[in-house]
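Both backbone and side-chain heavy atoms feed into the values below; hydrogens, waters and symmetry mates do not. Each chain gets a letter, A, B and so on, in the order the sequences are listed, and its residues count up from 1.
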Number of protein chains: 2
Amino acid sequence: MRDFSRSLPMSLLRAREAVMRQFRPSLREHGLTEQQWRILRALAAIEAVEVTELARTAFLLGPSLSRILRDLEARHLIERKTAKADQRRSMVSISKEGVKLMASVAPTSEAIYAEITRRFGARKLAELQDMLGALEQSLAELGGAEEASSEE
Amino acid sequence: MRDFSRSLPMSLLRAREAVMRQFRPSLREHGLTEQQWRILRALAAIEAVEVTELARTAFLLGPSLSRILRDLEARHLIERKTAKADQRRSMVSISKEGVKLMASVAPTSEAIYAEITRRFGARKLAELQDMLGALEQSLAELGGAEEASSEE
DNA sequence: CGCATTCACTTAACATGTTAAGTATTTCGC
DNA sequence: GCGAAATACTTAACATGTTAAGTGAATGCG
């Protein structure tokens, strides 16, 4: 069996960790986790979204998102109101406080990202992103844990 | 601020998830999590290791490893004995049962890896791994959350 | 209409990630 | 040798990942 420390999953894990190590301290200073930050960023780009759509955008599973939204709402960083047309749906948006918090974190975050880009090289970075996207595409068709399939 | 869904951390996260999605169902059938599997694989390559070294190899934080080792030991998949020279250290090794379990999982796991390689292309895969390693290197010097530094 | 099915979440339960604190052992300096 | 500091874990506490089950609201269909 191949040396697992050289396997693709490990390479991806280590690379991502190397990147996130740079951001976490700054986020932490502002009382945010990586996932909470992802949600705020996703919300900043739009007026309001449904929870399910937000889960897709922020790449979080429903249960994680449910918990985090509960906490972010308690901290008044986001707002929620149920859709009138469909009482099941809930529309989420970032609050003024949330926007303010983002503004205070963004500069450092941008600087870190710029430094990473500078170190690794902008061209190589773009290339890497392309390959990662291609990898994702390659496996998208393959699925992995679908439902509504023809199996069984 | 740049569209965060195209940021490096998100690209890495999505790519890794796309890969792990392929493996998880098979591991699950054998009652193993991704992390438990990593530990068994790391142990399979050697006689015995200290916990700290294992944490480095399997890329797990100490507390996670502590818990998982406790559980794997209870399931008799690993064995532990304190080093005679240094009572603080504990030497971990895989058990016969552990080896047997690995043997039952490995074929499927190998097949999945082969399929991923086939889909994405062996050459591209090697190239991607190189880039991921390079990225890691770029950021290694930068650190991120070190101690014993000259800051403060 | 009536009711089974689907849908959009939320809760629950257990495993891991992450940081801080705790414990026992060893090493170092004097 | 002895006490402070370092080392190798382990525990604790809280946040998220992951799967399964639960809840209330909408839909589809006979």
Just verifying a value: how many Å separate A:Ser5 OG and B:Arg41 CZ, rounded to the nearest 0.5 Å?
9.0 Å
Enter the distance from A:Ile94:CD1 to A:Lys100:NZ here, rounded to the nearest 0.5 Å.
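A:Ile94 atom CD1 to A:Lys100 atom NZ measures 12.0 Å (nearest 0.5 Å).
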Does [N] have OP1 or OP2 under 4.0 Å away from a side-chain N or O of [X]?
X	N	answer
B:Thr33	D:dT18	no
A:Ser66	C:dT10	yes
B:Gln36	C:dT16	yes
A:Arg80	C:dT10	yes
A:Gln87	C:dC7	no

Contact class for [X] vs. all strands (heavy atom < 4.0 Å): base, sugar-phosphate, or nothing?
X	result
B:Leu65	nothing
B:Arg67	base
B:Ser64	base

Nearest whole Å is fine: how far is [N] [atom2] from [X] [atom1]?
X	N	atom1	atom2	result
A:Arg89	C:dC7	CZ	P	10 Å
A:Leu32	D:dA15	CG	P	13 Å
A:Leu60	C:dG17	CG	C1'	14 Å
A:Phe23	C:dG17	CZ	C1'	19 Å
A:Glu17	C:dT16	CD	P	17 Å
B:Arg70	D:dA12	CZ	C1'	12 Å
B:Leu13	D:dT16	CG	C1'	12 Å
A:Arg38	D:dT16	CZ	P	10 Å

With the side chain of [X] defined as its heavy atoms from C-beta on, choose the nearest nucleotide among [options].
X	options	answer
A:Pro63	D:dT19, C:dT10, D:dA26	D:dT19
B:Asp86	C:dT25, D:dT18, D:dT16	C:dT25
B:Arg28	D:dG17, C:dT19, D:dT19	D:dT19

Checking salt bridge (charged side-chain N to carboxylate O under 4.0 Å, His left out) for the pair A:Glu17/A:Arg14: CA distance, chi angles, key distance, verdict?
CA-CA 5 Å; A:Glu17 179 54 26; A:Arg14 279 198 302 257; over 6 Å; no
Once hydrogens and angles are ignored, does a donor-acceptor distance under 3.5 Å link the base of D:dG17 to the side chain of B:Arg24?
no
Is any N or O donor-acceptor pair between the side chain of A:Arg88 and the base of C:dC7 shorter than 3.5 Å?
yes
Toward the 5' end of DNA chain C, which comes first, B:Asp71 or A:Glu50, by nearest nucleotide?
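The answer here is A:Glu50.
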Using heavy atoms to find the nearest nucleotide of DNA chain C for B:Gly62 and B:Lys84 separately, return the residue whose nucleotide is more 5′.
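Looking at the nearest nucleotide for each, B:Gly62 comes out on the 5' side.
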Are B:Glu79 and B:Glu73 close enough that some pair of their side-chain heavy atoms sits under 4.5 Å apart?
no
Within the structure provided, determine whether A:Leu69 and A:Leu54 are in side-chain contact (heavy-atom separation under 4.5 Å).
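The answer is yes, as the side chains (C-beta and beyond) meet within the 4.5 Å cut-off.
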Identify whether the distance between the nearest side-chain nitrogen and carboxylate oxygen of B:Arg123 and B:Glu127 falls below 4.0 Å.
no
So which one's nearest nucleotide on DNA chain D is more toward 5', A:Ala83 or A:Ile68?
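Counting from the 5' end, the first nearest nucleotide belongs to A:Ile68.
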